[in-house]
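Since this is a predicted model, take the numbers as computed values, not measurements. In what follows, chains carry the letters A, B, and so on, assigned in the order in which the sequence lines appear, proteins first and then strands, with residues in each chain numbered from 1.
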Amino acid sequence: MSQKVYQGPGQALSKLLYDGMTIMAGGFGLCGIPENLIAALKESNVKNLTVISNNCGVDDFGLGLLLQSRQIKKMISSYVGENKAFERQFLNNELELEFNPQGTLAERCRAGGAGIPAFFTKTGVGTLISEGKEVREFDGEKHILETALTADLAIIKAWKGDKDGNLVYRKTARNFNPIMAMAGKVTVAEVEHLVDVGDLDPDNIHTPGVFVQRVIQGEKFERRIERVTTNE
Amino acid sequence: MSQKVYQGPGQALSKLLYDGMTIMAGGFGLCGIPENLIAALKESNVKNLTVISNNCGVDDFGLGLLLQSRQIKKMISSYVGENKAFERQFLNNELELEFNPQGTLAERCRAGGAGIPAFFTKTGVGTLISEGKEVREFDGEKHILETALTADLAIIKAWKGDKDGNLVYRKTARNFNPIMAMAGKVTVAEVEHLVDVGDLDPDNIHTPGVFVQRVIQGEKFERRIERVTTNE
Amino acid sequence: MAWSREDMCRRAAMELQNGYYVNLGIGMPTLVANYVPKGISVILQSENGMLGMGPFPSPNEVDPDLINAGKQTISELPESVYFDSAMSFAMIRGNHMDLSILGALQVAENGDLANWMIPGKMVKGMGGAMDLVAGAKKVIVLMDHNAKDGSSKLVKSCSLPLTGAGVVDLIITDLGVFSCKSGNMYLEECAEGVSISEIKVRTEANFIY
Amino acid sequence: MAWSREDMCRRAAMELQNGYYVNLGIGMPTLVANYVPKGISVILQSENGMLGMGPFPSPNEVDPDLINAGKQTISELPESVYFDSAMSFAMIRGNHMDLSILGALQVAENGDLANWMIPGKMVKGMGGAMDLVAGAKKVIVLMDHNAKDGSSKLVKSCSLPLTGAGVVDLIITDLGVFSCKSGNMYLEECAEGVSISEIKVRTEANFIY
């Protein structure tokens, strides 16, 4: 096999970054985000990014770091409520924002990865989301046409990964990671445990390696929790 | 939980069958087919079926049994080359046939299960498959509009299943089973091993139970092989 | 004497049926899980990728890889299943969820729902709400009958941007239970000690009773 | 002195690059797996739901749950991965497969491919062929130069129903190697001992050389 394993996030992103590019970032809130690769993006100082991610981190962690450093030009998200820098930049017109219903966002990514350029959905019919979109009835119900999303680069976090790029996620840290892995022209994954080919159960690989071009063992994982909530 | 476990394939299909209905059947060739449920369909003598399945079994096994008994009015498949009864009935105009490219068939089922009524694909552009279908360019490339498939009943074979209807498949016996499970208005699964809720790994369930209404432990599994091919 | 929040949750929980797959929105709807009637068992979905969502964990069981759609830590149950976001919304959009219970800013007579955006204020996003109301078999709104300024949240026509058009089936407020059918709103039931005339006074929407 | 089937497979295998994800069609294309050059490692996909397809098993390792797209029993490798049909064709349609090698009845000058149907004969179906030729990054046809009746399989325009329009990149026959670019066919290489004039005589299609 060609070598997919890279040493550290900086090397894993080398020669992939350019100003104005589109990047998908997996994760839901702070759960399952590619924290090492986000840190490397910040370090690279690549600018004018369009970032496709369900959320935009918090002020001092996750994608919020790239807001602080003003590397993001536009976000495509379903919910961005947890971030003051976001609000400030958006209200100052320093940041573009495209809201997608969460399921539409997920399906657009999956479609981009699966070679489906557009699909109809009933989500958003009769709302602001349908403005400017084709509306068509199927079985007497209105649906709107949504287009696929792809990205120049997808950054992904998995629990385990092997040297062929096969990935396994843990619990709800799976979320957008597998579908964004499919939709990246280049997909780079950081994993908590890099294992040998053959160590993962072939019946239970969530992202087949064909979708992953580069993989790194993450250096450290803070795995910060946004809202610790307990029964006490 | 409401009771999803039924005793035997006859009981599992009770009150679900009617002449003229549409049935999806999982499997690829004879691999991963719901053989117990097919036998029960034959026994029920339900007629004029539209059957959506990648293939149509062989003369004396799998869906071929329903051809012999002339219960099938129409097949929607990608390949039906292994079946003499099929050829005879088709050439005598006793059987309708709609060919779908295999990937289009898979995506139509998945779309039906996912609430996507139609999608564009480049598969089949410029071929007989595109006749009568809307053609539209995306990114300078032509695509055709394909519609979703659903079924009044989906019959599925899994390796393991629990009492909530969560299913796990084994090796290439997975194939169309998970997506047809999603697309059935009612989905009935036969499993080799019926286990308790909690026995399956929650990170590695291929079909979440929300898609499955009834489940049975199959009585016996012949698991016939269509083309035994060895290195000798 | 209107219903308390607890009364409202208890009333909403009466809509649950055994074996239902249910998505509970952030806020009061989440609390409905605490009032599931005896003998009824439901499976809770969390749209970030889980069926069989368990309660909040004990402090030593908190797991950063296990959160709900409100980003709170939760726990696993024997029946839990994890999946990705596309699969999660295939369930939702594909009409496989029996029930979605969520909050609202406004509900109109015709079942229109507004709950994601107030123009002029910072917009946080719709999250999964638009998909849930478009896809679930039944949509129940659980909300206060009147806003803090006293205005009716049951309106003739939504002034706020919609989350979904004609999507609401049932509304449970502190004053009673309303249904939306074929473009009309019906008063189904008054809260204990609440009269129809009081409801009329405090409601902008026309309703049939 | 044209190429033997073995020569043809060996020549096709020279198109493989290290790390390629490859789908091999039924028949001669399947045999290409036996000629992968030294130092090159590829991962074979089987469209019924497998990456990392292994060779035919020994008789005591035959597993009814483990077949290829031709319904033959196969074996597992350390790098094997299983998935469902929608995921399999997401890979194929989504342009993630580096190479598809398949047989043909006819290839036209403009890259049109016909390999699934002869009108008037029983039609078995296209299986995954239409998806593969539409979606793979590179499509190579491996076939005899002439049909059994001597007619050229490289044609000006396909008379048989198409599998894909303008989809073929390279054709390897017993007489040589041809490419299709921007609507034209090019002779890239003659088989050992085969002259351009012989190829011309045995070819209906116009080709540039």
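- Surrounding NZ of A:K73 are more than 12 heavy atoms belonging to other residues, nucleotides or ligands, all under 6.0 Å away.
- Within the 4.5 Å cutoff, no side-chain heavy atoms of A:E146 are placed close to those of B:I116.
- Between A:P117 and B:F120, the shortest heavy-atom distance links the atoms CD-O, 3.1 Å.
- With a 4.5 angstrom heavy-atom cutoff, A:L145 touches chain B only via side-chain atoms.
- Put simply, CG on A:D139 and OG1 on B:T147 are 10.0 Å apart, with the number rounded to the nearest 0.5 Å.
- More than 12 heavy atoms of other shown residues, nucleotides or ligands fall within 6.0 angstrom of atom NZ in B:K133.
- A donor-acceptor pair under 3.5 Å is absent between the side-chain atoms of A:R170 and the main chain of B:D203, judged by distance alone.
- At a 4.5 Å heavy-atom cutoff, the contact between B:E107 and chain A is made by side-chain atoms alone.
- A heavy-atom distance below 4.5 Å is found between the side chains of B:H206 and A:N204.
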